[in-house]
Amino acid sequence: MPELPEVETVRRGLAALVTGKIIDHVTVTLGRIIRTPDDVERFKMMLAGQRIDSVDRRGKYLLLGVGPYTLVSHLRMEGRYGLYRGEDPVEIHTHVIFHFTDGTELRYKDVRQFGTMDLVPRGDFTALPGLHALGPEPLDELFTVDVLRSQVRKKRSGKMKMLLLDQTFVAGLGNIYVDEVLYLSRLHPEAQVTDLTEKQVQRLHGAIVDVLSRSVELGGSSIKSYVNGYGQEGGMQHQLRVYGMENTPCPACGTLIEKTRIGGRGTHFCPTCQPPQGRA
DNA sequence: CGTGTCACCTGACAGC
DNA sequence: TGCTGTCAGGTGACAC
């Protein structure tokens, strides 16, 4: 489900819905979701009585400030949150429920059960390598062409598709937006990182910022099941140029969009606008 | 270090 | 109808 724009949309919803609420107690019906601490009972004890005082995001991670802790939540493929009244029937695939003192509940649902929660000392992410080693935040004003260039120059080899999926390179891109960014940059997904020209680095920077910021504005892409904290779909799926558009004409040149498999991930591109040699 | 494969799960869908 | 195989927005472990 979620890449940066979807997680940011969820974050905004949660910030409005649960900031200031006090957790009375927590119910966990699928212990696997809770990674830290390793004892689920301890997880529940630590959260009882705490107030949610912030909802932030880093890359694809949601960061809830709860008393002396940060609750780090990763939705992986299909995790989603919703605010319910206590008397609302609990839907299938609900695995964690935060019961608030006002009678409402924040529920975490996850069909594929891939999502994770880690409760760590506030701001201390050293025990979470995936979060700790995250690359620059692409919608931060500090993410300049210079920053992107230095990230690119760190790489000795590799294909563009793999580079953009690497969360230590730039945080928050996933399979949808990587394909969209490569299309807008006119780069073939198998182009070699080391072959990037200065001009291509600049185009890449512009494409990353453009695609992600447009998607955040539209509330993300709803491809299958994604909805925000209010249960609403996003609007970015209607603006995707190549993802999921195989065998339809490229909006720029009319060539049929192709779908292949690179690094095990479905990869969509226009063979004309994104030639293998990567000139233009 | 890079890359390919698999595993973690369930559900949707195509094809037989 | 039902079976089988494939695929899905992510990441981490593992083998070369």
Side-chain angles (χ1 to χ4, degrees), chain A residues 1-11 29-36 57-62 72-81 91-96 108-118 125 127-135 151-182 189-195 211-212 215-216 218-228 233-240 242-247 259-268:
Chain A
M1 168 228 261
E3 304 180 32
L4 187 153
E6 292 76 35
V7 179
E8 173 61 19
T9 303
V10 171
R11 184 201 71 75
T29 46
L30 185 66
R32 183 193 305 133
I33 301 287
I34 314 302
R35 291 196 311 187
T36 315
R57 179 191 59 75
R58 177 80 171 90
K60 302 173 192 171
Y61 292 85
L62 284 168
V72 179
S73 173
H74 198 301
L75 307 174
R76 293 290 181 99
M77 295 292 266
E78 301 203 48
R80 44 203 273 194
Y81 282 101
E91 293 159 358
I92 191 169
H93 300 127
T94 298
H95 306 309
V96 182
Y108 177 75
K109 301 203 307 180
D110 191 340
V111 170
R112 293 177 70 181
Q113 311 178 7
F114 285 169
T116 59
M117 293 185 195
D118 296 272
F125 305 135
L128 308 176
L131 174 55
H132 194 238
L134 234 38
Q151 288 295 92
V152 167
R153 300 295 181 234
K154 282 184 193 168
K155 292 285 175 176
R156 268 290 281 118
S157 67
K159 298 171 180 173
M160 287 306 301
K161 172 86 181 191
M162 305 317 296
L163 177 76
L164 295 183
L165 283 172
D166 179 355
Q167 300 300 296
T168 70
F169 172 69
V170 169
L173 291 169
N175 207 38
I176 296 177
Y177 298 112
V178 164
D179 284 2
E180 295 298 309
V181 163
L182 287 172
E190 301 204 66
Q192 289 297 311
V193 176
T194 46
D195 291 343
V211 167
L212 292 181
S215 186
V216 167
L218 291 171
S221 300
S222 293
I223 300 295
K224 266 180 65 182
S225 60
Y226 163 75
V227 290
N228 66 18
E233 296 198 337
M236 185 64 181
Q237 64 275 18
H238 305 301
Q239 289 202 14
L240 300 180
V242 289
Y243 184 88
M245 304 300 286
E246 58 270 28
N247 301 319
K259 180 176 182 184
T260 60
R261 188 158 281 268
I262 298 176
R265 311 300 302 275
T267 299
H268 315 70

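What you see is a predicted model, and the numbers here were worked out from it, not measured in a lab. In the text below, chain A, chain B and the rest are named by the order of the sequence lines, each starting its count at 1. All heavy atoms count here, side chains included; hydrogens, waters and symmetry mates do not.
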> Do A:L4 and A:V216 have side-chain heavy atoms sitting under 4.5 Å apart?
Replying inline: yes
Whole-Å gap separating [atom2] ([N]) and [atom1] ([X]):
| X | N | atom1 | atom2 | result |
| --- | --- | --- | --- | --- |
| A:M77 | C:dT11 | CE | P | 10 Å |
| A:R58 | C:dG10 | CZ | C1' | 17 Å |
| A:R76 | B:dA7 | CZ | P | 16 Å |
| A:E78 | C:dT11 | CD | C1' | 15 Å |
| A:D118 | C:dT11 | CG | C1' | 13 Å |
| A:R261 | C:dT6 | CZ | P | 10 Å |
| A:K154 | B:dG2 | NZ | C1' | 17 Å |
| A:E233 | C:dG9 | CD | P | 17 Å |

>> Checking A:K259 now: which residues fulfil side-chain contact (heavy atoms from CB on, under 4.5 Å) with it, not counting sequence neighbours?
In response: A:E246, A:H268
In Å and rounded to the nearest 0.5 Å, what is the [atom1] to [atom2] distance from [X] to [Y]?
| X | Y | atom1 | atom2 | answer |
| --- | --- | --- | --- | --- |
| A:K109 | A:E78 | NZ | CD | 11.0 Å |
| A:L128 | A:R58 | CG | CZ | 13.0 Å |
| A:H74 | A:M117 | NE2 | CE | 12.5 Å |
| A:E180 | A:Y243 | CD | OH | 10.0 Å |
| A:L240 | A:I176 | CG | CD1 | 6.0 Å |

What's the gap between [N] and [M] when it is taken at their [atom1] atoms, as a whole Å value?
| N | M | atom1 | answer |
| --- | --- | --- | --- |
| B:dT3 | C:dG9 | C1' | 22 Å |
| B:dC9 | C:dC3 | P | 23 Å |
| C:dT6 | B:dT5 | P | 14 Å |

> Which salt bridge (charged side-chain N to carboxylate O under 4.0 Å, His left out) pairs, counting each pair once, include a residue from residues 162-179 of chain A, with sequence neighbours left out?
Replying inline: A:K155-A:D166, A:K161-A:D179
> More 5' along DNA chain B: A:G264 or A:K155, using each one's nearest nucleotide?
Replying inline: A:K155
> Does the ring of A:F114 meet both stacking tests against the six-membered base ring of B:dC9: centre distance under 5.5 Å and plane angle under 30°?
Replying inline: no
Measuring to OP1 and OP2 of [N], would you say a side-chain N or O of [X] lies under 4.0 angstrom away?
| X | N | value |
| --- | --- | --- |
| A:K60 | C:dT11 | yes |
| A:R265 | B:dG4 | no |
| A:R32 | B:dC9 | yes |
| A:Y243 | C:dG9 | yes |

> Who passes salt bridge (Lys or Arg N to Asp or Glu O under 4.0 Å) against A:R35, sequence neighbours left out?
Replying inline: A:D118
> Taking the nucleotide of DNA chain C with the closest heavy atom to each, which residue, A:R35 or A:R112, is nearer the 5' end?
Replying inline: A:R112
>> Can you tell me which nucleotide in C:dA8, C:dG9, B:dT10 comes closest to the side chain of A:Q113?
In response: B:dT10
> Contact class for A:G115 (heavy atom, under 4.0 Å): base, sugar-phosphate, or nothing?
Replying inline: nothing
> Could you spell out the base pairing of DNA chain B in dot-bracket, with Watson-Crick or G-U pairs whose two distances are under 3.5 Å, [ ] crossing and | to another strand?
Replying inline: .|||||||.|||||||
> Is A:Q239 reaching over with its side chain to a backbone N or O of A:Q237, donor-acceptor style, under 3.5 angstrom?
Replying inline: no
> Does A:T267 use its side chain to pair, donor to acceptor, with the backbone of A:R265 at less than 3.5 Å?
Replying inline: yes
Polar atom pairs (N or O), protein with nucleotides 11-14 of chain B, under 3.5 Å:
{"unit_1": "B:dG11", "atom_1": "OP1", "unit_2": "A:H93", "atom_2": "NE2", "d": "3.1"}

> Going by heavy atoms closer than 4.0 Å, what residues in residues 159-175 of chain A are next to DNA chain B?
Replying inline: A:K159
>> Is it the case that the side chains of A:S73 and A:Y81 hold a donor-acceptor pair, with the cut-off being a distance below 3.5 Å and no angle test?
In response: yes
>> Assess the residue pair A:L173 and A:L212 against the criterion (side chain to side chain contact (heavy atoms under 4.5 Å, CB included)); give the C-alpha distance rounded to whole Å, side-chain angles, the decisive distance to 0.1 Å, and a yes or no.
In response: CA-CA 8 Å; A:L173 291 169; A:L212 292 181; 3.9 Å; yes
